[in-house]
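Just so it is clear, the model here is predicted, and its values are computed rather than measured. Naming: A, B, ... by sequence-line order, numbering from 1 per chain.
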Number of protein chains: 2
Amino acid sequence: MDLSERKLKILQAIVGDFIRTAEPIGSRTLSKKYDMGISSATIRNEMSDLEELGFLSHPHTSAGRVPSDKAYRLYVNSLMEKRTLTKQEKEFISKKLTNNVSELEKTIQCAARLLSEITQLTSFALTPNQNEDKLKYINILPVDSSTVVMMIVAESGKVSNTTLRLIVPYSEDRLELLSKSMTYYYKGKTLSEMLKVDIIKNFKTDIVALSRLAENIMPNFLHILEGMLDVNLYMDGYTNIFSFPEYNDIVKAKMFLEMVNQKDIFTNILINRDNGMIVTIGNENADNHMQECSLITASYHIDGKLLGKLGVIGPTRMKYDEVISVIELMTENLSESFKLTGGNEENE
Amino acid sequence: MDLSERKLKILQAIVGDFIRTAEPIGSRTLSKKYDMGISSATIRNEMSDLEELGFLSHPHTSAGRVPSDKAYRLYVNSLMEKRTLTKQEKEFISKKLTNNVSELEKTIQCAARLLSEITQLTSFALTPNQNEDKLKYINILPVDSSTVVMMIVAESGKVSNTTLRLIVPYSEDRLELLSKSMTYYYKGKTLSEMLKVDIIKNFKTDIVALSRLAENIMPNFLHILEGMLDVNLYMDGYTNIFSFPEYNDIVKAKMFLEMVNQKDIFTNILINRDNGMIVTIGNENADNHMQECSLITASYHIDGKLLGKLGVIGPTRMKYDEVISVIELMTENLSESFKLTGGNEENE
DNA sequence: GGTTAGCACTCACTGGGTGCGAGTGCTAAC
DNA sequence: GTTAGCACTCGCACCCAGTGAGTGCTAACC
């Protein structure tokens, strides 16, 4: 199954050209464009072999050849020359990303936008999964006679707060006691562990005096915890798909847009993907509606722990070399900037 | 310029039919479908008059008539019968909206989704403009030796917090003093007033002992304030546009999607619109790319003060009666539920 | 045996031609 | 003022032939 040097060269030329032009590549075109020292007839024979091996296909008898998913896979794995970004490009990216780094969610959103601008594809960024994040403290502060703010601070620096209107009376002392007790009780537990414990029951028995207040607050507490565990998906560049001639078909464009707009499904696919740089091409994607797309994701981390994801989705005919390099650089930049500034972030 | 009863009836029939079918309406079709007691020839004469008056137009000589923007305007203003929603529909909407009312942003996001589901159009919801919201208090809390959480609470109940990494040392006392001083200084000022004051300068002179700490915190403070003033735009149902045959043209679909995806521009258009139920049809829209669209917005309020907006955008051929009724009901519901639960919200 | 020139063949695409049908505008009669 | 009748218009679907890019095969060449 090892291909000859010449076959590889031909395949590389076809994939490269097709990525650029979206037109099926003919043998004569190839022989004229690249001086390989062989005639179009010879190229035809080689192409025929490559087709038999599953690397190329024919839209119809009298058309040129089109690379298959298998060909793209070979291209990505070994034929493709990794694109090294210029210093300007690198600086541009890191400048844009470190600009307003003080807010995690906004930086991630900004990364998605930047990625779609550079690659001209549909991009997405997933905020970190906070499952393993541990509780630092809980603070309940008075706002007015019936309103309090509940604030949950995690070790990563993530903060969540919610304004609650209470139906039972409270005093500042009691609020403070409740905050302290809850902090004492949960400190060091991960957020998902906290969700699993039957909080209300435990509190009822432990701190009887506060039970009514606690009963009022606890359901909200659970709700906030759930909100903290949610990952957010930011997407950008939906309409970039229109610049690909293969999506000039209204039905195809519609299907693509409907797919990427089903955020719940899409988020799930992303969450369940392995970490690191992952490229899945066409039929390698499990999802039915993604059989004509390639999905590239990479993960970034915060203090080496919480993992979020960043990537693009587009037609299988995409500039893999460029896109991979850009995503690589961006995830590095993100991880770096989150490490340096620590938890300097605004939460949701 | 007053139209005869008969002309109005014909016009109403044409607009109604065209909204349903998207097909130009012919005189014979009309005479067969509606028993008006006049022949197709008479209808043709009336149609010809209506065309001269600018209410109808001809795609080409041998096609039926299509309503103009002027006709839609007349239809919306006087011909249309207001659609009264059934009890089931009303209950469905209010149930969906009050479901997770504890979080303002999420409720608004949910409203946008619901609206696009019901109307099958592209919907949007704008979070309230917080310009007039006044400061309640500022609280800066320690997280670890170099990290603090800054929390800004507004009178409406809106809370914003940001984790800051400080480069100067601090003590709990100093943080508390700074919080108290800032609160004292800004309490009762609106958020936009706070932005305008040269905060750093004032603080340098007022509280000399804390100047270094304040200097470190102030730029972030400004940044958070700006974030609190930002309105958020939630949109949903982008791909609904594909269900309209007039957008089967890939160029049109692309233009529409690119327009609504330019969130900055779109947000601006929405912010600058009058409050209350506003319908702009086709060329009544100032924006160039909206000449073939109708935009319907209504505003909801919170405690009778902060105004947000909710609405839809779609082809001029839309079910105005139904859409207007739904939006009306939803804004009422939103205003109501925000009033009842007060500031029971989670901020961003 | 690999390589190449030559040639017949395939097939999408384009553009002109045609018939159909829905609909109009006009006219003359009611 | 209303209506029937009729010529006319024009988009649309369909057919058909010409074009051109590209293939597959064969026979000759190195």
Side-chain angles (χ1 to χ4, degrees), chain A residues 3-11 13-15 17-18 20-68 71 245-246 248-250 252, chain B residues 3-11 13-15 17-18 20-68 71 245-246 248-250 252:
Chain A
L3 299 177
S4 70
E5 195 67 26
R6 195 167 69 183
K7 279 197 174 62
L8 289 175
K9 218 167 154 185
I10 290 173
L11 194 57
I14 292 175
V15 175
D17 265 31
F18 188 73
R20 245 170 295 125
T21 64
E23 300 286 330
I25 317 293
S27 55
R28 222 176 102 76
T29 320
L30 215 58
S31 78
K32 269 198 290 185
K33 190 164 171 189
Y34 302 89
D35 190 15
M36 300 197 193
I38 47 174
S39 76
S40 67
T42 311
I43 294 179
R44 260 202 302 284
N45 290 331
E46 295 285 42
M47 279 173 152
S48 174
D49 291 354
L50 285 168
E51 184 167 356
E52 214 166 299
L53 291 166
F55 290 103
L56 296 177
S57 77
H58 246 168
H60 54 91
T61 10
S62 69
R65 253 61 172 222
V66 166
S68 67
E246 47 265 62
N248 271 355
D249 179 4
I250 194 94
K252 273 193 167 184
Chain B
L3 298 178
S4 70
E5 197 67 27
R6 194 168 69 181
K7 279 197 176 62
L8 288 175
K9 216 168 157 186
I10 291 173
L11 195 56
I14 292 175
V15 175
D17 266 31
F18 188 72
R20 245 171 296 122
T21 64
E23 300 284 331
I25 318 294
S27 55
R28 221 176 102 75
T29 321
L30 214 58
S31 78
K32 270 197 292 184
K33 191 164 172 189
Y34 302 88
D35 190 14
M36 301 197 194
I38 47 175
S39 77
S40 66
T42 311
I43 295 178
R44 261 202 301 285
N45 290 332
E46 295 286 41
M47 279 174 153
S48 175
D49 290 353
L50 285 168
E51 184 166 355
E52 215 165 298
L53 291 166
F55 289 103
L56 296 176
S57 77
H58 246 169
H60 54 88
T61 9
S62 67
R65 254 62 172 221
V66 167
S68 67
E246 48 266 61
N248 270 354
D249 179 3
I250 193 94
K252 274 192 166 184

Euclidean distance, atom [atom1] of residue [X] to atom [atom2] of [N] [Å, nearest integer]:
| X | N | atom1 | atom2 | result |
| --- | --- | --- | --- | --- |
| Ile10(B) | dT2(D) | CD1 | C1' | 13 Å |
| Asp17(B) | dG23(C) | CG | P | 12 Å |
| Glu52(A) | dG24(D) | CD | C1' | 13 Å |
| His58(A) | dG24(D) | NE2 | C1' | 9 Å |
| Leu30(A) | dG22(D) | CG | P | 10 Å |
| Lys33(A) | dA21(D) | NZ | P | 16 Å |
| Leu56(A) | dG24(D) | CG | P | 11 Å |
| Met47(B) | dC26(C) | CE | P | 16 Å |

query: Would you say the side-chain atoms of Thr21(B) pair up with the backbone N or O of Asp17(B), donor to acceptor, closer than 3.5 Å?
result: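 Indeed, once roles are kept as given, a pair shorter than 3.5 Å links the two residues.
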
statement: B/S/- along nucleotides 3-22 of chain C (protein heavy atoms under 4.0 Å) is SBBB---BBS---------B

query: For Ser40(A), which residues count as a side-chain contact (heavy atoms from CB on, under 4.5 Å) partner, sequence neighbours excluded?
result: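 Only Ser27(A), Arg28(A), Ser31(A), Arg44(A) meet the side-chain contact (heavy atoms from CB on, under 4.5 Å) criterion with Ser40(A).
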
message: I'd like to check the side-chain contact (heavy atoms from CB on, under 4.5 Å) partners of Asn45(B); sequence neighbours left out, ordered by chain and number.
response: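 With neighbours one apart ignored, the set is empty.
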
On a heavy-atom basis, which atom in [X] and which in [Y] lie closest, and how many Å separate them?
| X | Y | answer |
| --- | --- | --- |
| Gly54(A) | Ser68(A) | O-OG, 2.7 Å |
| Ile43(A) | Leu30(A) | CG2-CD2, 3.9 Å |
| Phe18(B) | Pro24(B) | CE1-N, 4.0 Å |
| Gly26(A) | Met47(A) | C-CE, 4.0 Å |

- prompt: Below 4.0 angstrom from OP1 or OP2 of dG20(D), is there any side-chain N or O of Arg28(A)?
  reply: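 The answer is no; no side-chain N or O of Arg28(A) sits under 4.0 Å from OP1 or OP2.
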
Produce the list of close N/O pairs, under 3.5 Å, pairing protein atoms with atoms of nucleotides 28-30 of chain C; give distances to one decimal.
none

Selection residues 50-60 of chain B - residue pairs positive for salt bridge (Lys or Arg N to Asp or Glu O under 4.0 Å), sequence neighbours left out: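 For residues 50-60 of chain B: Glu51(B)-Arg65(B).
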
Below 3.5 Å, can you tabulate the donor-acceptor pairs from side chains in residues 3-10 of chain B to any protein atom, sequence neighbours excluded?
| from | atom 1 | to | atom 2 | distance (Å) |
| --- | --- | --- | --- | --- |
| Ser4(B) | OG | Lys7(B) | N | 3.1 |
| Arg6(B) | NE | Glu46(B) | OE2 | 2.7 |
| Arg6(B) | NH2 | Glu46(B) | OE2 | 2.8 |
| Lys7(B) | NZ | Glu46(B) | OE1 | 2.9 |
| Lys7(B) | NZ | Asp49(B) | OD2 | 3.4 |

task: Working to the nearest 0.5 Å, report the span between CG of Leu56(B) and CD1 of Ile14(B).
output: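 The CG atom of Leu56(B) sits 4.5 Å away from the CD1 atom of Ile14(B).
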
side-chain hydrogen bond (donor to acceptor under 3.5 Å, both in side chains) with [X]: which residues, sequence neighbours excluded?
| X | value |
| --- | --- |
| Thr61(A) | none |
| Glu23(B) | none |
| Thr42(A) | Ser39(A) |
| Ser57(A) | none |

Taking only nitrogen or oxygen atoms into account, show me every contact under 3.5 Å that the protein makes with nucleotides 12-15 of chain D, one pair per line with its distance.
none

query: When Watson-Crick pairs (N1 to N3 and N6-O4 or O6-N4) and G-U wobble pairs (N1-O2 and O6-N3) count only below 3.5 Å on both distances, what is the dot-bracket string of DNA chain C, with | for other-strand pairs?
result: ||||||||||||||||||||||||||||||

